[in-house]
Amino acid sequence: MLIRESAASIAAEILSGGLYLRLADRFIRVHGYKPTQSEMRSWEHSIPALVNAVMDAGLGEVEVMLEYTLPLTSQRADAILAGVHPKTGEPSYVVVELKQWSEAHPDEESPNLCRVAGVGRPRLNPIEQVRGYCDYLAQFNGALDGHEHRISGAAYLHNATKFGAGALDIAGQTARGRFFTGDKRGEFITFLREQLAPQSGAPAADALQAGQIKPSTQLIAVAADEIRDREQFALLSEQKVAYELALKAVRNARQADNKEVIVVTGGPGSGKSVIALSLLGELYRQGRSALHATGSASFTKTMRKVAGARKREVQDLFKYFNSFMTAERNGLDVLICDEAHRMRETSANRYTPAANRTDKPQVEELIDAARVPVFLLDQDQVVRPGEMGSLREIEDAATAKGLRVVRVDLNGQFRCGGSDAYLRWVVRLLGLKDGGPVRWEPDSKMELMVAETPQEMEAYLVSRRTRGDNARMSAGYCWKWTTKITPGQSLPADVVIGDWARPWNVYGERAVAGAPPSALWATDPAGFGQVGCVYTAQGFEYDWSGVIIGPDLVWRGDRWVVDRSASKDPVFKKSTPDDDVDRLIRNTYKVLLTRGMKGTVIYSTDVETRAKLRELIESEARVPASV
């Protein structure tokens, strides 16, 4: 959170004019970038409206936690009021979502979405937004474990009246989703008095902050339940918008013979695959015709094995992008194209029967296959020549067919402990964002360390595994890969660094000497001990990530230098332009550096590069030599 004070203290800061400067300064320190003008305007107008209501309720001693970051994510609740319940005497928490909107109306076909005057795209209904925050906190903060009744939520539109926004309550008010407009300020004050007593809220705030954070729900672990039984994930903000828009499009496609394309963009850990699986599960349970497709053999095979365990019809929900060359036009209700950045120019390859070969672009095949094609992508995760999934490619293909494109940009971060600062550090480090590398400022979400040797890196990961965490080692494709193994032979140790040597993950679909097949390297506990490449790591996550930066990317003087001759990746041909190789190698390391949920240990084979990493990562962040 940015600030935690009693309501009376914050009211005094508002009067002195110092609150907003303090919030801006804290924001930069916590997040590593400046708040937007809209965020600052919100602080200036909405926070006083809330604090004045709290003070008028006689709750000056209640603790106010502003811009409270939800566990394991970069998503923030506007405010949480912490205090004591007036009847039970237990800790009581009120999550408040503040909106400056003067006019907003529910979407006619999806009450969880709304239309805001002056804003073109649909927004999440604030009742559903605050309800999602409450559910998420109840799920992940140990202080609420077994005490979920202690949390309530309210959306407060202080500039609106019931005539301008009152219809939003069609989303349905609940204990975790109350709704008040400015002309209902008296009712809002009454609500606050019902939830909070006029006494110090500091102990309750302490308890919430000290609450043990429960482990995040890893997508693979609950995939089967998500598809077959019930919703497993608490979707937040723009995730929920994307989900609701897709369901709305499905209804329209059936009722109005309508077709539209939905594109969801977001960086690593923004929740794209969670949206995909949540959507697939809901459609499956509704009996809709929906399929999930990727260009990743590892991800698709893993989902078939895990989500489709003991049920063949669920296994058949997971396909590849090149599975739709002969598909019936609009034969599906929905085709969910996860990791769409991995689309190829065409689906044809050397194994494609001559009768099925066409010049039709793969993106067109995917659009044509369903009434509602949904594309989820991150353009900075393209790691192979020929991968061409981009927002522009999809929009151009849809426009050429006269189709409407609905776009949702995900702004949250759910991997890397929810550390938005870490993701920004990675893209600055690799030159994928302007400004150059910056020093890592440790936060409470993500641990980052430099190892002096691969032995140190591996030993530290082993120590984390003994504490119950899972971990993997991965590397740039800088060592030959023995792909043909004689039956009965163990994996050869291809990745050799000095006197340290480890095998690559298995190449192929069969386990070798106890090592899992390539598709299961990231999820099978036996995957530790082999070094994964980007093609087996992409799309997955694990608690701790050890990343070996090979000689294909080295720091020289004041910049990165990509040495294509050091890459052993067979996808790079002589005809692959240097600029493409440069971009793809940097993207590769972005993928590898953003797999960890709790921490990342980096080792570089290059002395000068290690020195640069030590300069950027504080001296305390070293792998202990005793490990």
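Between atom OG of residue S278 and atom NZ of residue K240 there is a gap of 8.5 Å, rounded to the nearest 0.5 Å. Summarising the geometry, atom CG belonging to L613 is positioned 11.0 Å from atom CD belonging to E608; distances are rounded to the nearest 0.5 Å. Taking NZ of K272 as the start and CG of L410 as the end, the distance is 7.0 Å to the nearest 0.5 Å. Between the OG atom of S74 and the OH atom of Y422 there is a distance of 15.0 Å, given to the nearest 0.5 Å. Taking CG of L23 as the start and CD1 of I47 as the end, the distance is 5.0 Å to the nearest 0.5 Å. Atom-to-atom distance recorded for L192:CG and S152:OG is 8.5 Å, nearest 0.5 angstrom.
A donor-acceptor pair shorter than 3.5 Å can be found between the side chains of E39 and T36. T69 and Q75 form no side-chain donor-acceptor contact under 3.5 Å, judged by distance and modelled atom types alone. A donor atom on one side chain and an acceptor atom on the other are not found under 3.5 Å apart for R123 and Q129. A donor and an acceptor atom, one from each side chain of H158 and Q100, are nowhere located under 3.5 Å apart. Side-chain N/O atoms of Y133 and S237 include a donor and acceptor closer than 3.5 Å. S102 and N159 form no side-chain donor-acceptor contact under 3.5 Å, judged by distance and modelled atom types alone. Counting only N and O atoms by type, the side chains of T181 and Y156 include no donor and acceptor under 3.5 Å apart. Inspection of the S6 and S9 side chains reveals an N or O donor paired with an N or O acceptor under 3.5 Å. Side-chain contact annotation: R595 with Q538, donor-acceptor N/O pair under 3.5 Å absent.
When side chains are defined from C-beta on, I80 does not count as touching I151, because their heavy atoms never get closer than 4.5 Å. Looking at R176 and V130, their side chains never come closer than 4.5 Å, going by heavy atoms from C-beta outward. For the pair Y542 and L461, the minimum side-chain heavy-atom distance is 4.5 Å or more. Residues P126 and W101 meet the side-chain proximity criterion, which asks for heavy atoms closer than 4.5 Å. The side-chain heavy atoms of R610 and Y603, taken from C-beta on, include a pair separated by under 4.5 Å. Within the 4.5 Å cutoff, side-chain heavy atoms of M65 are placed close to those of L208. Annotation: side chain of K184 is not in contact with side chain of F188 (no heavy-atom distance under 4.5 Å).
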| query | After noting the C-alpha distance and the side-chain angles of S545 and R472, does the key distance pass the side-chain hydrogen bond (donor to acceptor under 3.5 Å, both in side chains) rule? | reply | CA-CA 5 Å; S545 173; R472 293 293 183 274; over 6 Å; no
| said: Could you walk me through whether R76 and D78 satisfy the salt bridge (charged side-chain N to carboxylate O under 4.0 Å, His left out) test, starting with their C-alpha distance in whole Å, then the side-chain angles of each, then the deciding distance to 0.1 Å, before giving a yes or no? | reply: CA-CA 6 Å; R76 306 188 303 272; D78 288 336; over 6 Å; no
| Could you go step by step and tell me if E615 and R439 meet the salt bridge (charged side-chain N to carboxylate O under 4.0 Å, His left out) rule? | CA-CA 7 Å; E615 175 189 322; R439 281 181 58 84; over 6 Å; no
| said: Evaluate D420 against K445 for salt bridge (charged side-chain N to carboxylate O under 4.0 Å, His left out), listing each step before the verdict. | reply: CA-CA 9 Å; D420 188 52; K445 297 182 176 183; over 6 Å; no
| task | For K99 and E97, run salt bridge (charged side-chain N to carboxylate O under 4.0 Å, His left out): C-alpha distance rounded to whole Å, both residues' side-chain angles, the deciding distance at 0.1 Å, then the answer. | result | CA-CA 7 Å; K99 299 294 185 189; E97 177 63 23; 3.0 Å; yes
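Annotation for S419 and D443: closest pair OG-OD2, 2.6 Å, computed over non-hydrogen atoms. Residues L430 and K590 share a closest heavy-atom pair of CD1-N, 3.4 Å. Taking all atoms of both residues into account, the shortest heavy-atom contact from P122 to L245 is CG-CD2, 3.7 Å. Taking all atoms of both residues into account, the shortest heavy-atom contact from A155 to I127 is CB-N, 4.3 Å. In this structure, I3 and I10 approach most closely via the heavy-atom pair CG2-CD1, 4.5 Å. In terms of heavy atoms, H85 sits closest to S92 at N-CB, 3.6 Å.
A donor-acceptor distance shorter than 3.5 angstrom exists from the side chain of Y136 to the backbone of P71, with no hydrogens or angles considered. Although no hydrogens or angles enter the test, the distance criterion places no donor-acceptor pair under 3.5 Å between the side chain of N141 and the main chain of L137. No donor-acceptor distance shorter than 3.5 angstrom exists from the side chain of T600 to the backbone of G596, with no hydrogens or angles considered. Panel note: side chain Y93, backbone A204; a donor-acceptor pair is recorded below 3.5 Å. A distance-only check finds a donor-acceptor pair linking the side chain of Q239 to the backbone of L236 [under 3.5 Å]. Of the possible donor and acceptor atoms, one in the side chain of R428 sits under 3.5 Å from a partner among the backbone N and O of G435. Counting only distance, with no hydrogens or angles, the side chain of S42 and the backbone of S38 share no donor-acceptor pair below 3.5 Å. One N or O on the side chain of Q173 and one on the backbone of F179 form a donor-acceptor pair closer than 3.5 Å. A donor-acceptor pair under 3.5 Å is absent between the side-chain atoms of D543 and the main chain of K598, judged by distance alone. A donor-acceptor contact shorter than 3.5 Å is absent between the side chain of N125 and the backbone of C114.
Taking the six-membered ring for Trp and thresholds of 30 and 60 degrees, W544 and Y460 have ring planes more than 60 degrees apart, a perpendicular arrangement. Ring geometry, W425 versus W440: the interplanar angle exceeds 60°, so the pair is classed perpendicular (tilted spans 30 to 60°).
Using a 4.0 Å cut-off between a side-chain N of Lys or Arg and a carboxylate O of Asp or Glu, R41 and E44 do not qualify as a salt bridge.
Around atom CZ of R556, more than 12 heavy atoms belonging to other residues, nucleotides or ligands sit under 6.0 Å away.
Evaluation of the side-chain contact (heavy atoms from CB on, under 4.5 Å) rule for A246 yields I262, L279, V374 as partners, not counting sequence neighbours.
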